[in-house]
Amino acid sequence: DEGYEVEERDVPVEEMKDFDEVMACGTAVVVTPVGSATRLDKSKANGEDPLEGATKYQFGEEGEVGETTRRMYDRVRAIQLGTEEDKWGWNFKVE
């Protein structure tokens, strides 16, 4: 509905450097931004500092919610609250 092409595939870690936004979706969190991901490299760690040699991938502006993440959150919440049509049958009454 948002005009995005959905693609399901394994994502090479190296591609994360090109990501503008990353989000996680689920029943409890609805849609939540992922600010960064850190990849540890045991071969470069010095034993005292496990982050030594780690690669940190930052997504968007630190501490900010991206435009796409905000829009997706707002749409899911509107469907959950019944203010937007539930075209997919996500909501149902439990008796």
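We're numbering straight along the sequence, starting at 1.
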Please report the closest heavy-atom contact between M16 and A37, naming both atoms and the distance. CE-CB, 4.2 Å
Nearest non-hydrogen partners of A24 and V34, listed with the distance: N-CG2, 4.1 Å
Hey, are S36 and Q58 close enough side-chain-wise for a donor-acceptor pair under 3.5 Å? no
Which pairs, with at least one residue in residues 54-64 and sequence neighbours excluded, count as a salt bridge (Lys or Arg N to Asp or Glu O under 4.0 Å)? none
Could you check if a side-chain atom of T32 sits within less than 4.5 angstrom of a side-chain atom of V30, using non-hydrogen atoms only? no
Nearest heavy atoms of Y57 and R39, plus distance in Å: CE1-CB, 4.4 Å
Which pairs pass salt bridge (Lys or Arg N to Asp or Glu O under 4.0 Å) with one or both residues in residues 3-12, sequence neighbours excluded? E7-R9, R9-E15
Residue set satisfying side-chain hydrogen bond (donor to acceptor under 3.5 Å, both in side chains) with E84, at least two apart, ordered chain then number -> R75
Distance-only criterion, 3.5 Å: show the donor-acceptor pairs between side-chain atoms of residues 87-95 and protein atoms not counting sequence neighbours.
residue	atom	partner	partner atom	Å
N91	ND2	I79	O	2.7

So does D20 have more than 12 non-hydrogen atoms from other groups sitting under 6.0 Å from CG? no
Applying side-chain hydrogen bond (donor to acceptor under 3.5 Å, both in side chains), name anything that partners R70, two or more places apart in sequence or on another chain. none
Residue set satisfying side-chain hydrogen bond (donor to acceptor under 3.5 Å, both in side chains) with Q80, at least two apart, ordered chain then number -> R77
